[in-house]
Amino acid sequence: MKDVVGHLELHPLRDSLYDELHSRPFQVIPSPARVTHLALQVNEEQKKEQFLHLQRLHELLGYEVPEYETHCYEQTFGQLRIRWEKHLEFTSYTFINLAPSQGGNPFDEAGISVLPAGWLEQMPGTVIAAFHVAIEDAREHPEPGPEGVKPWFENLRLIGSSPQNGDARVWTTFRLHSDGFGRLLVYNKRMSDSQLGRLVQRLVEIETYRLMTLLALPEARRISPMLGDMDAQLAQITHLLAENGEADESGLLAELTQMAARIEAFRAQTTFRFAATRAYGDLIMSRIDELKEDEVSGHLTINEFLSRRLLPAVRTCSGVGERLEDLSRRVDRASDMMRTRVEMAIQQQNRELLSSMDRRSKIQLMMQHTVEGLSVAAISYYLVGLVKYLLEALYGAGVPFDKSIVTGIMVPIVLLVVWMATRRIHHHFHTLAKKELPEVEAETKRNERRKRD
């Protein structure tokens with residue numbers, strides 16, 4: 001069968017598509033263990049610097065340096081396991097201390113406790129999420145109650161959960177503590193190492209995505225009052241357009257154009273962030289469903305806490321995004337209406353101008369007819385004078401005729417000839433004008449259609 005596939009034309013991405021589903025496998029985590037997770041916002045240059053930084057860690061620990069950068073890299077250095085992942089807009093590090101000391105405060109030792117001194121402080125990027133996960137084995141030693149756990153969270157209000165139908169117990173506060181890290185405490189009751197690894201992965205993703213989701217909330221709060229001001233301004237403009245037929249169209253159109261530019265600037269600043277918020281929110285809800293939580297008496301579960309606190313923030317960002325899109329559409333409609341009013345006003349001015357030009361043309365035509373009559377008389381007068389010179393020359397040459405009678409006869413003949421010649425010339429130009437008029441009208445209509453388009 002392999003030979004058969006080898007003779008077929010294979011898609012160049014076939015192997016990578018198969019590998020993609022296995023690029024971020026769940027970890028296998030023993031109990032007890034200490035986990036530290038960091039999520040850092042980075043640009044493309046910082047991603048490259050992080051890989052170089054990871055190579056330096058291999059050199060410091062005396063392990064073989066990786067040559068090729070991948071989307072998910074995992075390596076175990078004795079009791080330390082490191083996992084580095086590249087995401088769309090951030091990278092994450094997961095440090096697991098596989099052999100922590102027992103007893104006392106579980107957060108006295110963390111996943112980063114076994115890192116070489118100074119390496120973590122030089123890590124490129126901006127930290128957005130940083131928290132410790134302490135994993136304890138409750139299969140042989142009973143777990144303490146809420147009052148015994150609370151001091152490890154600096155007496156902050158606890159959020160408790162029994163995920164996987166009670167096979168584990170999770171405590172957290174979703175707050176930063178005095179060391180600058182968040183904290184989660186996991187008691188393994190009846191879970192295997194692979195099940196525990198999947199649970200920890202879901203908790204890590206929930207905490208990381210929770211913070212990434214909330215990145216859009218300050219931006220939504222910042223632009224929301226400005227959207228309210230623009231909404232009121234737009235309502236005032238539309239009211240003026242509806243009630244005042246003599247509004248300053250050019251001034252209102254300038255206001256609408258400026259408003260549209262501001263809205264587009266807001267959209268450019270927030271579209272990606274709001275879309276990311278919706279995507280992260282959906283991921284969080286799917287991860288919470290996978291936890292299969294049971295309630296811990298007297299405490300909010302992770303689902304209840306995030307549904308009460310996080311979902312309103314997601315809805316706020318979605319609402320501001322929808323309001324921004326709605327305002328953009330309304331400004332476009334108002335701008336179209338204003339342009340229509342301006343075009344109608346221009347067309348009215350053009351009609352008045354054409355009517356005035358038509359009146360002037362009629363007056364000029366009447367004057368032209370008057371001038372034509374006078375010009376016929378003037379031309380005839382000069383032609384009769386030329387004919388008189390010709391008759392005198394003939395008479396002087398000995399041709400017998402009565403000069404006065406012949407001159408009198410020539411006057412009406414010259415008038416008739418001049419009048420007919422003038423009318424013929426006038427008819428010729430009138431015919432040319434009629435031929436050019438349809439072409440001018442057609443060109444005018446084409447220009448109007450182009451303006452409407």
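Because only heavy atoms are used, hydrogens play no part in the values below, and waters and symmetry mates are left out as well, while side chains stay in.
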Determine, using ring centers only, whether F181 and H132 are less than 6.0 Å apart.
yes
Please tell me whether Y73 and F51 form a close aromatic pair, meaning their ring centres lie under 6.0 Å apart.
no
If you measure from CG on L324 to CD on Q269, what distance do you get to the nearest 0.5 Å?
9.5 Å
Have Q46 and Q50 got a donor and an acceptor in their side chains that come within less than 3.5 Å?
no
Could you check S328 against R267 for side chain to side chain donor-acceptor pair (under 3.5 Å), going step by step and ending with a plain yes or no?
CA-CA 9 Å; S328 176; R267 291 176 68 185; 3.3 Å; yes
Flag the pair L185 / W152 as yes when at least one side-chain heavy-atom distance between them is below 4.5 Å, and no otherwise.
yes
To the nearest 0.5 Å, what is the distance between CG (L57) and CG (L61)?
4.5 Å
Under 3.5 Å: donor-acceptor pair, side chain of T36, backbone of G111
yes
Pair N97-Q79, side-chain donor/acceptor within less than 3.5 Å
yes
So how far is it from M212 CE to L215 CG, rounded to the nearest 0.5 Å?
5.0 Å
Go through the steps for T301 and E295 under the test side chain to side chain donor-acceptor pair (under 3.5 Å), then give the verdict.
CA-CA 6 Å; T301 64; E295 184 178 353; over 6 Å; no
With rounding to the nearest 0.5 angstrom, report the CG to CZ distance, D282 to R287.
11.0 Å
So, R351 versus Q348: side-chain donor-acceptor pair below 3.5 Å or not?
yes
Between E154 and S178, is a side chain to side chain donor-acceptor pair (under 3.5 Å) present by the stated rule, with each step listed?
CA-CA 8 Å; E154 300 176 350; S178 58; 2.5 Å; yes
Would a 4.5 Å heavy-atom cut-off, applied to side chains only, mark R175 and R157 as touching?
no
Is it true that Q233 and E255 share a donor-acceptor pair across their side chains at a distance under 3.5 Å?
yes
Could you check if a side-chain atom of I237 sits within less than 4.5 angstrom of a side-chain atom of M259, using non-hydrogen atoms only?
yes
Under a 4.0 Å N-O cut-off, is there an ion pair linking E219 with R273?
no
For the atom pair CG (L203) and CD (Q201), what is the distance rounded to the nearest 0.5 Å?
9.5 Å
NZ or CZ of R169 within 45° of Y187 ring axis and under 6.0 Å:
no
Is the side chain of T76 donor-acceptor paired with the backbone N or O of G78 at a distance under 3.5 Å, no angle test?
no
Would you kindly say whether E109 and S101 are connected by a side-chain donor-acceptor distance under 3.5 Å?
yes
Taking only Lys NZ, Arg NE, NH1 and NH2, and the carboxylate oxygens of Asp or Glu, determine whether E69 and K48 approach each other closer than 4.0 Å.
no
Salt bridge between E49 and K47, side-chain N to carboxylate O under 4.0 Å?
no
Does the plane of the ring in Y280 sit parallel, tilted or perpendicular to the ring in F90? Use 30° and 60° as the thresholds.
tilted
Which of parallel (below 30°), tilted (30 to 60°) and perpendicular (above 60°) describes H58 and F77?
perpendicular
Can you measure from CG (D167) to CG (L199) and round to the nearest 0.5 angstrom?
9.5 Å
Which pairs of donor and acceptor atoms, one on a side chain in residues 27-35, lie under 3.5 Å apart (sequence neighbours left out)?
from	atom 1	to	atom 2	distance (Å)
Q27	OE1	R81	NH1	3.4
S31	OG	N188	ND2	2.9
R34	NE	P106	O	2.8
R34	NH1	I135	O	3.0
R34	NH2	E136	OE2	2.8

Is a salt bridge present between R202 and E205, judged by a nitrogen-to-oxygen distance below 4.0 Å?
no
Please tell me whether S162 and E293 have a donor and an acceptor in their side chains that are separated by less than 3.5 angstrom.
no
